[in-house]
Amino acid sequence: MWDMGITPAIILEVNDRTINVYMRAHISTKELQVPGNRYSDFRNDLIKAFSQTY
C-alpha cells in the first residue's frame, strides 16, 4: 500500500436513525486555492464517506 503520510480524521454523526461517517484530511495542492494567498496551498475539506439509515 502506498503511504502518502496523510492521516484523515474520522467523524461519526448519529442523528435519529441515521449514521453519517465523514473524513477530513490535510491535502497539499500545487495551485493556490485562493489566488494571491500564499498560505492557501492545501485543502482541508469535510467529505461524507458513508451514510446509512436504520
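For this chain, numbers begin at 1 and follow the sequence in order.
Rounded to the nearest 0.5 Å, atoms CD1 (Ile10) and CE (Met23) are 6.0 Å apart.
Contacts of Asn20 classified as side-chain hydrogen bond (donor to acceptor under 3.5 Å, both in side chains), with partners at least two apart in sequence or in another chain: Glu13, Ser51. In terms of the side chain to side chain contact (heavy atoms under 4.5 Å, CB included) criterion, Asn15 has no residue partners (sequence neighbours excluded). Considering only residues two or more places apart in sequence or on other chains, Ser40 meets the side chain to side chain contact (heavy atoms under 4.5 Å, CB included) condition with Leu32, Gln33, Val34, Asn37.
Side-chain contact between Ile19 and Tyr54: present, with at least one pair of heavy atoms (C-beta onward) separated by less than 4.5 Å. Taking 4.5 Å as the limit, some side-chain heavy atom of Asn44 sits within range of a side-chain heavy atom of Arg24.
Environment of CD in Glu31: sparse, with no more than 12 heavy atoms of neighbouring residues, nucleotides or ligands closer than 6.0 Å.
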